[in-house]
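Notes for the one structure printed next.
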Number of protein chains: 2
Amino acid sequence: MTTTEKASPRDRLLDAAGELFYTEGVSIGVEALCRAAGVSKRSMYQLFDSKEAVLAASLERRVPWYESQFSLPDPQAATPRERIMNVFEVLEKASVEPGYHGCPYLAVLVELKDPEHPAREVAHMVKRRLEALFRAEAEQGGAHDPALLARQLVLVFDGASARAGSGVERLDDGLATKTAAALLDAAGVG
Amino acid sequence: MTTTEKASPRDRLLDAAGELFYTEGVSIGVEALCRAAGVSKRSMYQLFDSKEAVLAASLERRVPWYESQFSLPDPQAATPRERIMNVFEVLEKASVEPGYHGCPYLAVLVELKDPEHPAREVAHMVKRRLEALFRAEAEQGGAHDPALLARQLVLVFDGASARAGSGVERLDDGLATKTAAALLDAAGVG
DNA sequence: CCGGTGGTATACCGATCGGTTTCCCAATCT
DNA sequence: AGATTGGGAAACCGATCGGTATACCACCGG
C-alpha cells in the first residue's frame, strides 16, 4: 500500500518549500507556498509552527542528498586530493545546469539577517560539516595546516557558488577546480 | 550657504536606503524607508520611479567610496602584488568591524533573483570593475595567466565577504590574505 | 500681497503578508 | 451504520506591501 501512496501533505509542503525558497527567495508568501504544494494553510500550520519552521525543515531534509552529491562512488579507490577535487568538480557541473542559483545554504545565510532564524542554524551546520570534510581529507593528505586549508577551500567553494549562482561568473572552464588545486599544491597535498 | 545646509531629501533617502537595505535586506518596505529618511512617500516617488530605483541609486552613489577603500594612499610606491594584497587587508579589517554584513553588492546579487532588477546591473558592474582592477595588477605583476588570476581573486574576495558577513567565518587571522597570497605565488606574481 | 513651488502629512488603493478559524466533506475505524 | 478524524476551501484578522492622490504649509520672487 505505502508504495503506491501519494506523497503526504508534509512531503509536498517540503518539496514546494525547497523549490520556491530556492528560486524565489525567502520572502515567498505562505499563501503561494501552500498553493504550490496543494496543501491548505490549516494543514501547514498544524504540521509546522511557522513559515520559518517550514523553511528550516525543508533545508534540513535535503542535507543527506546534498552531501551525498560530493562523495565519489568508490571513495576507497581515491586519494584525499581526489576526494577534495571531486567536490569542486561536482560544483562546476551543477553550476552549468539550468535553474542553478548557487548553494541554497549559503543563500539562506546571506538572505536571512535575523540571527535567530531557525533555518540559519541548519545552513550553518551544513557549512561546518563541509569544512570538517575538507579538514579530514586535508589531514589525511598531509597538508601543512589542514585547518587553514579547509577554511580556504570553503572560501573558494562559497565564492564560486555565490558568483555562479548569481550569474556573474561561469565555472565551466574549471575556475573552481583550478583554484582548489592551487591551494592544495600550496598546502603540500599531493 | 551650501556648507551649513541640511542634507537634501534625495540624500537623506539614499543614506537611509543604503543603511536599511544593507542591514535589513532588500525586502524593507517603502513606508519604513521613508520614515527613516524623514521624507514623505510623495517626495520619494517624485524623486524616483520606484523602490527598485532608490535601491539602485543608493548602491550607485556609494561606488566611488567603496572603490577608494581599496586603493593605497600612495599607489606609486607599491608593487602590483602589494596593491592586490591591500584589497584583502582592507576587507579583513572591515570584516571585524561591528555592523559588517558582507559586501553589499554581492548581497544584492544573491538576494535579487529577478535578473531585470536595476540594482543588479549596478552590483554587477562593481564586480566587473574589481575583477578588472585585479587583472590590471596581475598583468603588471607578470602573472602567468592574469585573467585567470583575477577571477580567482574575486572568487576569494566574494567567498570571504559572504562568509564573514553572514557570521560563519572570521577573517581576523588573515584567512583572506593568506589565500590571496597563495594564489599570487602560484601565478608567479612576486 | 500674491502665485508658484517643494515639501510633509495623511488617507487611500487593491493586494498580500503571516496566522487563525470555521465549515464541510470524504475516508477510515468499530 | 455510526462515530471519528484528516484535510481542503475559504473567510477572516490586523498589518504591511508598493504606489497614488489630496490637502495643507512654508518659503520664494514678483
Side-chain angles (χ1 to χ4, degrees), chain A residues 1-59 108 111-120, chain B residues 1-59 108 111-120:
Chain A
M1 272 301 179
T2 54
T3 59
T4 336
E5 231 165 337
K6 196 174 65 171
S8 72
R10 184 167 197 277
D11 284 342
R12 277 180 285 151
L13 216 29
L14 292 180
D15 285 342
E19 167 139 3
L20 281 180
F21 282 130
Y22 184 56
T23 61
E24 309 279 339
V26 295
S27 43
I28 182 74
V30 173
E31 196 90 33
L33 173 61
C34 288
R35 206 182 315 121
V39 169
S40 67
K41 291 172 76 174
R42 184 182 193 269
S43 300
M44 191 202 106
Y45 277 107
Q46 67 191 39
L47 286 167
F48 300 96
D49 288 345
S50 63
K51 173 190 151 181
E52 294 186 353
V54 179
L55 172 56
S58 77
L59 287 179
V108 153
E111 288 182 46
L112 298 179
K113 320 287 184 182
D114 173 15
E116 304 296 320
H117 198 297
R120 279 192 70 92
Chain B
M1 271 296 180
T2 55
T3 60
T4 336
E5 230 166 338
K6 198 173 66 172
S8 72
R10 184 167 198 275
D11 284 343
R12 278 181 284 151
L13 215 30
L14 292 180
D15 285 342
E19 166 140 3
L20 281 180
F21 282 130
Y22 184 57
T23 61
E24 309 279 339
V26 295
S27 42
I28 184 74
V30 172
E31 196 90 34
L33 174 60
C34 289
R35 206 182 314 121
V39 169
S40 69
K41 289 173 75 174
R42 184 181 194 268
S43 299
M44 190 201 108
Y45 277 106
Q46 65 191 41
L47 286 167
F48 300 96
D49 287 345
S50 63
K51 173 189 152 182
E52 294 186 353
V54 179
L55 172 55
S58 77
L59 288 178
V108 153
E111 288 181 47
L112 298 179
K113 321 287 185 183
D114 173 14
E116 304 296 320
H117 198 298
R120 280 191 69 93

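Chain letters run A, B, ... following the sequence lines, proteins first and then strands; every chain starts at 1.
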What is the distance from CG of B:L33 to P of D:dG18, rounded to the nearest Å?
9 Å
A:R12 side-chain N/O to A:V39 backbone N/O, donor-acceptor pair under 3.5 Å:
no
Whole angstrom is fine here: how far is it from CD in B:Q46 over to P in C:dA9?
14 Å
Less than 4.5 Å apart, any side-chain heavy atom of A:V108 and any of A:F21?
no
Spacing between B:L47 atom CG and D:dT20 atom C1', to the nearest angstrom:
16 Å
Expressed as a whole number of angstroms, how long is the span from B:L55:CG to D:dG19:P?
12 Å
Step by step, work out the side-chain contact (heavy atoms from CB on, under 4.5 Å) result for B:H117 and B:V26.
CA-CA 11 Å; B:H117 198 298; B:V26 295; over 6 Å; no
May I ask you to evaluate whether B:R12 reaches the phosphate of C:dT8, defined as a side-chain N or O under 4.0 Å from OP1 or OP2?
yes
Less than 4.0 angstrom between a side-chain N/O of A:S43 and OP1 or OP2 of D:dG8, yes or no?
yes
So does B:R42 reach the base of D:dT20 with its side chain, donor to acceptor, closer than 3.5 Å?
no
Figure out the NZ/P separation between B:K41 and C:dG7, and round it to whole Å.
18 Å
Should the heavy atoms of other residues, nucleotides or ligands under 6.0 Å from CD of A:E19 be counted, would the total exceed 12?
no
Any side-chain N or O of B:Y45 under 4.0 Å from OP1/OP2 of D:dG19?
yes
Figure out the CE/C1' separation between A:M44 and C:dT20, and round it to whole Å.
12 Å
Does B:E31 pair with B:K41 as a salt bridge, N-O distance under 4.0 Å?
yes
So, is B:S40 near the phosphate of C:dT8, with a side-chain N or O under 4.0 Å from OP1 or OP2?
yes
If you restrict it to nitrogen or oxygen atoms, what contacts under 3.5 Å exist between nucleotides 15-17 of chain C and the protein, and what is each distance?
residue : atom : partner : partner atom : Å
C:dC17  : OP1  : A:G29   : N            : 3.4

